[in-house]
Amino acid sequence: EDQVTQSPEALRLQEGESSSLNCSYTVSGLRGLFWYRQDPGKGPEFLFTLYSAGEEKEKERLKATLTKKESFLHITAPKPEDSATYLCAVQPLKTSYDKVIFGPGTSLSVIP
Amino acid sequence: DVKVTQSSRYLVKRTGEKVFLECVQDMDHENMFWYRQDPGLGLRLIYFSYDVKMKEKGDIPEGYSVSREKKERFSLILESASTNQTSMYLCASSLRATNEKLFFGSGTQLSVL
């Protein structure tokens, strides 16, 4: 069964304290892996798409990496405005439509 | 920028009521989706549409139906609302191609009493 898990469930960082969020996936072939950011009371907002193991993407203080079994979202010197829930999603190869499977998310709090 | 608009931010309904959730997108996207989001469970796909009048069941379609009469509009219908349908409902759209990112609306928090 296709599955996506994320850890930790919640993470509390001091401003400037770098860390990583993990997304582990089990799919029968991967078309793509997505990271989204969700602020309270809003819908998720797209951050990155990764397609193959070894790929990396960066945006400001965020860097996403991909292996055959997991993806990491590295946050360097975070600021309070980085506080949000970060969602990982995968699109399996074998799907009858443009389906993505979402993980439960990691809630990040950055304390000034 | 793509805009996905959901008609209501908050809704409170009674058990047994028929509920309509409306979603409109303004970027001519072929695909439209309805998800529900519950704490600890992530986003779960209810229904998907890849064209006008076309629909596909997602992972949890029971108790829901959908309508897509126009390309820009996708409606979610709860025929007879139940308390276990209390949730955040998110509409999304995308271009019809693999690995296309989803654009989400702000969500409708539905409470069924």
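On a predicted model such as this, the values are computed, not experimentally measured, just so you know. Each chain gets a letter, A, B and so on, in the order its sequence line appears, and its residues count up from 1.
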When you look at CD of Glu81(A), are more than 12 heavy atoms from neighbouring residues, nucleotides or ligands closer to it than 6.0 Å? yes
Check the hydrophobic clustering (I, L, V, M, F, W, Y; side-chain heavy atoms under 4.5 Å; chains of links allowed) and say if Leu87(A) and Met88(B) are grouped together. yes
Transitively linked via ILVMFWY side-chain contacts under 4.5 Å: Leu90(B) with Met32(B)? no
For Arg12(A), does the CZ atom have more than 12 heavy-atom neighbours from other residues, nucleotides or ligands under 6.0 Å away? no
Taking every non-hydrogen atom, the tightest pair across Leu43(B) and Pro44(A): CD2-CG, 4.4 Å
Identify all side-chain donor-acceptor contacts of residues 102-112 of chain B below 3.5 Å with residues at least two apart in sequence or on another chain.
| residue | atom | partner | partner atom | Å |
| --- | --- | --- | --- | --- |
| Thr108(B) | OG1 | Gln6(B) | NE2 | 3.3 |
| Thr108(B) | OG1 | Ser8(B) | O | 2.5 |
| Gln109(B) | NE2 | Ser87(B) | O | 3.3 |

Between Gln38(A) and chain B, with a heavy-atom cut-off of 4.5 Å, which part of the residue counts as in contact: side chain, backbone, both or neither? side chain
Please report the shortest heavy-atom distance between Pro104(A) and Gly40(B), naming the atom on each side. CB-O, 3.8 Å
Chain A contact via Arg44(B) - which portion, at a heavy-atom distance below 4.5 Å: neither
Please state whether the side chain, the backbone, both or neither of Ile101(A) comes within less than 4.5 Å of a heavy atom of chain B. neither
